[in-house]
Amino acid sequence: MPELPEVEVVRLGLSPAVTDAVISGVEVFDSRALTRHDGDASDFEVRLGGRRIVGAARRGKFLWMPLSPGGAAGAGDPAGEALVAHLGMSGQLLLRAPGAEDGRHLRVRVGLEHPEHGEMRVDFVDQRTFGSLAIDALVPTADGAPAGWGSGEALVPSQVAHIARDPLDAAFDDRRLVNVLARKNSAIKRVLLDQTVISGVGNIYADEALWAARIHPETAASALPTRSVNRLLAEVRAVLNKALVEGGTSFDAQYVNVNGEAGYFAHSLNAYGRGGAPCPRCGGPIKRDSFMNRSSHFCPRCQRR
DNA sequence: GGAATAACCTGGATGC
DNA sequence: TGCATCCAGGTTATTC
C-alpha cells in the first residue's frame, strides 16, 4: 500500500521525467479518479492541456506537480496551481512510451512532450479507485517553510494544507508532536495514522515502528513519557528510511514504482502481516487484532500495555 | 471540539 | 464449477 516511502519512490522516478514537460493531452477514462477535483472530466482535460509541469513535490502521501501559469487561476495569480495526486490504496503513476499497452484499471492518461526525453505519457492506474487526481490552487504554507520534499517553494495545494509535515521533512517539529501526543487520549496507533498529527505513516509502518519501539498499539498516547515518544519517533524515521532505501513495500501488484517494478521492504517486515509467526526478537507469536476496521500486528510479549 | 465509526471501492482468496 | 462472503486500508463524512 502506498505510504510515505512508496510515494517518495514514485516522486523520485517521476521528477526528472515530468519537470519542464508540457502536457500535450489528457484523457479521463473514469471520472471516479477525479473525486478530489473541483470540476468534471472535461474541465480537468481542458485546464491541464498545454500547461508546463514545473517539478514534483510530496508531503506525506500526497504528491503534486506545480504547473506553469495559464489555468483558471490566471497568470495574475501569484501562487498558481498544481496537479495533485493521491494514490489511495492501489493507485499507480506509470511512465510509459506513447505506444505502450493501456493495461487494466487505467483511469487517466496524461500525454507529455519533454524537451530532452521527447514524447511520453503518465498513466494513472488504480484498481480500487481510492486514489485521485485534481487540479488545485497553491496556498502559502502555515509555517512559511518549503512545502515538502522536492519543493523549494513555501506553497502547498489547498487540499494538502491541513496535512501535517512528515517525520522525514526537515521542517518537522519534534516538540510539537510531543505536545500533541500529551493531549491525546486515543490509542497511539490511531494517532500515528492521523495525517493531521504526523503524515506519511500508514498501517504497515505504524505496526513496524510500534514493534521496534516496543509500544503496544492501544497504549493511550497521553500515557507515553517523552522519552518513549522520542524513541517511537526515531523508530518511525528508521523504518521509513529503510523502506525508502529498499524501494518500498510490495505485497502484490498494488504498489510499483513508475517503471512498474516492485519494492523489497516486504522481506524486512517484523510484525505487519506476520500474525502467528514468531516474533524476530523474542520468538513469541505475533498477534493479529482487528483495530479501526483494519488489521493490527504486534508482539504481546515485547509490546506490553 | 474531540473521539470513534462507517462508507467508499475492487478483486483475490476462501468456503460451501 | 459457481456463487457468496470476507478481507485489504486511506480518507472523509457522520455520529456520539
Side-chain angles (χ1 to χ4, degrees), chain A residues 1-8 10 29-38 58-64 84-93 103-108 124-134 136 156-164 166 179-210 217-224 236 240 243 248-256 262-263 265-266 269 271-276 286-298:
Chain A
M1 308 301 165
E3 300 181 30
L4 185 156
E6 291 78 26
V7 180
E8 179 59 18
V10 170
F29 300 103
D30 190 332
S31 57
R32 289 177 300 178
L34 302 179
T35 51
R36 286 184 176 82
H37 179 65
D38 186 21
R58 178 194 59 74
R59 177 185 288 193
K61 303 168 193 173
F62 280 87
L63 181 70
W64 69 91
V84 183
H86 193 287
L87 303 181
M89 285 179 63
S90 56
Q92 302 171 350
L93 286 167
R104 297 177 71 187
H105 312 306
L106 175 61
R107 310 297 183 192
V108 178
F124 180 65
V125 175
D126 190 12
Q127 182 199 94
R128 295 175 191 170
T129 67
F130 277 26
S132 65
L133 301 179
D136 192 22
V156 63
S158 68
Q159 56 187 261
V160 186
H162 69 290
I163 299 294
D166 63 64
N179 291 334
V180 169
L181 293 195
R183 296 194 304 270
K184 289 273 187 185
N185 294 318
S186 300
I188 183 62
K189 179 166 177 182
R190 182 184 292 274
V191 180
L192 279 181
L193 296 177
D194 184 344
Q195 304 298 300
T196 65
V197 174
I198 178 172
S199 69
V201 180
N203 204 37
I204 297 173
Y205 299 118
D207 279 357
E208 288 301 302
L210 287 167
E218 293 188 46
T219 306
S222 58
L224 290 172
V236 168
L240 292 178
T249 304
S250 301
F251 285 110
D252 48 27
Q254 299 314 319
Y255 162 68
V256 292
F265 192 71
L269 294 173
Y272 182 85
R274 301 190 67 247
I286 295 288
K287 189 176 182 193
R288 177 186 172 279
D289 264 357
S290 183
F291 181 69
M292 290 175 63
N293 281 337
R294 59 206 62 198
S295 60
S296 191
H297 305 80
F298 63 98

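So you know, we letter chains A, B, ... as the sequences are listed, proteins then strands, and number each from 1.
Spacing between atom CZ of A:F291 and atom C1' of B:dT5 amounts to 12 Å, rounded to whole angstrom units. Per the geometry, CG belonging to A:D289 stands 16 Å off C1' belonging to C:dC7, to the nearest Å. In this entry the distance linking CD of A:Q159 with C1' of C:dT12 reads 12 Å, nearest Å. As a whole-Å value, the separation of A:R128 CZ from B:dT10 P is 11 Å. Counting to the nearest Å, the P atom of B:dC8 and the CE atom of A:M292 are 18 Å from each other. For the pair A:I204 CD1 and C:dG10 C1', the computed distance is 12 Å after rounding to whole Å. The CG-C1' distance, from A:N203 to C:dT11, rounds to 14 Å in whole Å. A:M89 has its CE atom 8 Å from the C1' atom of C:dG10, to the nearest Å.
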Checklist line | From CA spacing to verdict: side chain to side chain donor-acceptor pair (under 3.5 Å), A:D126, A:S90 | finding: CA-CA 5 Å; A:D126 190 12; A:S90 56; 2.6 Å; yes
Next item on the list: Report the C-alpha separation of A:R58 and A:E8 in whole Å, then their side-chain angles, then the decisive distance to 0.1 Å, and conclude whether the salt bridge (Lys or Arg N to Asp or Glu O under 4.0 Å) test is met.
Entry: CA-CA 7 Å; A:R58 178 194 59 74; A:E8 179 59 18; 2.6 Å; yes
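Between A:V84 and A:Q159, the shortest heavy-atom distance links the atoms CG1-OE1, 4.3 Å.
Taking the side chain of A:H105 as heavy atoms from C-beta on, and the options B:dT10, B:dA3, C:dG10, the nearest nucleotide is B:dT10. The side chain of A:N185 has B:dA3 as its nearest neighbour among B:dT10, B:dA3, C:dT11. The side chain of A:S186 has B:dA4 as its nearest neighbour among C:dT11, B:dA4, C:dA8. Residue A:K61 places its side chain closer to C:dG10 than to any other of B:dC9, C:dG10, B:dA3. The nucleotide whose nearest atom lies closest to any side-chain atom of A:F62 is, among B:dA3, C:dT11, B:dT10, C:dT11. Closest to the A:R190 side chain, of the nucleotides C:dG10, B:dA4, B:dT10, is B:dA4.
Judged purely by atom type and a 3.5 angstrom limit, A:S222 has no side-chain atom pairing as donor or acceptor with the backbone of A:R183.
Two residues, A:R288 and A:H162, neighbour DNA chain C, and the one matched to the more 5' nucleotide by heavy-atom proximity is A:R288.
At a threshold of 4.0 angstrom between heavy atoms, the contacts of A:R32 are confined to the sugar-phosphate backbone, with no base atom among them. Using a 4.0 Å heavy-atom cutoff across all strands shown, A:T35 reaches no nucleic acid atom at all. Among the protein residues, A:D126 comes within range of no part of the nucleic acid, since none of its heavy atoms lies under 4.0 Å from any strand.
Between C:dG10 and A:H86, no contact under 4.0 Å exists linking OP1 or OP2 to a side-chain N or O.
Here A:K189 pairs with A:D207 in a salt bridge; the nearest charged N to carboxylate O distance falls below 4.0 Å.
One donor-acceptor pair, N or O on each side, does fall under 3.5 Å between the base of C:dG10 and the side chain of A:R294.
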